[in-house]
J.: 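Quick one: the structure is below, questions incoming.
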There are 2 protein chains.
Amino acid sequence: MSSATQYLADALKALAQPTRLKIIDFLRGGERCVCEIFPSIDEEQSNTSRHLNQMQTHGILSRRKDGVKIYYAIKHPEVFEIIDLASAIVKREIELRSSLINNVEN
Amino acid sequence: MSSATQYLADALKALAQPTRLKIIDFLRGGERCVCEIFPSIDEEQSNTSRHLNQMQTHGILSRRKDGVKIYYAIKHPEVFEIIDLASAIVKREIELRSSLINNVEN
DNA sequence: GCAATATATGACTATACAATCATATATTGC
DNA sequence: GCAATATATGATTGTATAGTCATATATTGC
């Protein structure tokens, strides 16, 4: 397999996970090393490393080595756009649902 | 749990699957009933129904009943923008990787 | 060369997910 | 009311995923 659709699904899947979203959000501030990332997002070093690796493999993050430290950064600016658009959807959905509840109550 | 980050991850996850991407792509043509969708994407009726249900639950699709038929449509136009942005990333990544291979060969 | 620091990885577990098959539940026209 | 059509769902299975713990592998400064 591994058609174009599968590649696209894999790229989106690389974003669609809470720990990875926390990492991406932290990287809005620019390139950061693992030793800065995992304490900031409050996850274990090993778990953070796996998620960073996964995102790098799927082309979401760039990786740069400097001495003993590994620096990760968002590779394509579209990543932020995607997340902002998805956030807009979620926000609108929550509004829609709470207004539905209000209509039932009134 | 179910924080804002979890909601966001769930929304993205609702897009990040090949069968669901095929459905979304088919719905670029507008509202369609299940009986049109599942033959077009070449998936089983029951499987298609589950994915449609999942996307509707997560606010990706709208659902409208007309007689015995159920019509689904993309609820938020941002869905298409997200997928187009993700496609652009995948395309650029593939280009980057094939140019790396060329550099090794030459 | 050794200790300290940074990162990655093997082994494992628990949970989530996708797909399939069979079947249930509308809705409609006759 | 019955047959036909459209959609949804219960039960099951195989596979993927996230997280944890322990440990391995750089790299650096001394």
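Heavy-atom basis, side chains included; hydrogens, waters and symmetry copies ignored. All chains are named by letter (A, B, ...) in the order of the sequence lines, taking the proteins before the strands, and each is independently numbered beginning at 1. Since we're looking at a predicted model, the values are computed, not measured.
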J.: Which base, if any, makes a Watson-Crick or G-U wobble pair with C:dT15, both distances under 3.5 Å?
T.: D:dA16

J.: Please confirm whether the shortest side-chain N or O distance from A:His51 to OP1 or OP2 of D:dG19 is below 4.0 Å.
T.: yes

J.: Hey, does A:Thr19 reach any base, or is it just sugar-phosphate, or nothing, if we go heavy atoms under 4.0 Å?
T.: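 A:Thr19: backbone/sugar contact only, no base atoms under 4.0 Å.
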
J.: Rounding to an integer number of Å, can you tell me how far B:Asn53 CG sits from D:dT7 C1'?
T.: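 It works out to 10 Å between those atoms.
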
J.: Quick one: is B:Arg32 getting a side-chain N or O under 4.0 Å of the D:dA6 phosphate, OP1 or OP2?
T.: no

J.: Look only at the side chain of B:Gln17 and the backbone of B:Thr19, and say whether a donor-acceptor pair between them is shorter than 3.5 Å.
T.: yes

J.: Does C:dA6 have its OP1 or OP2 closer than 4.0 Å to a side-chain nitrogen or oxygen of A:Lys65?
T.: no

J.: Answer whether the closest heavy-atom distance between the side chains of A:Arg20 and A:Ile60 falls below 4.5 Å.
T.: no

J.: Look at all strands and tell whether A:Gln17 reaches a base, only sugar-phosphate, or nothing, counting heavy atoms closer than 4.0 Å.
T.: sugar-phosphate

J.: Which nucleotide in the set C:dT20, D:dA6, D:dA8 lies at the smallest distance from any side-chain heavy atom of B:Arg63?
T.: D:dA8

J.: Can you tell me the distance, in whole Å, between the CG atom of A:Leu61 and the C1' atom of C:dT7?
T.: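 A:Leu61 atom CG is separated from C:dT7 atom C1' by 15 Å.
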
J.: By the 4.0 Å heavy-atom rule, please label B:Tyr72 as base, sugar-phosphate, or nothing.
T.: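 The answer is sugar-phosphate, as B:Tyr72 gets under 4.0 Å only of primed atoms, P, OP1 or OP2.
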
J.: For C:dC17, does either OP1 or OP2 sit under 4.0 Å from a side-chain N or O belonging to B:Arg50?
T.: no

J.: Counting heavy atoms from C-beta on, name the nucleotide in C:dT5, C:dC21, D:dT20 closest to the side chain of A:Asn47.
T.: D:dT20

J.: Please report the distance, rounded to the nearest Å, between CD in A:Gln54 and P in C:dA8.
T.: 14 Å

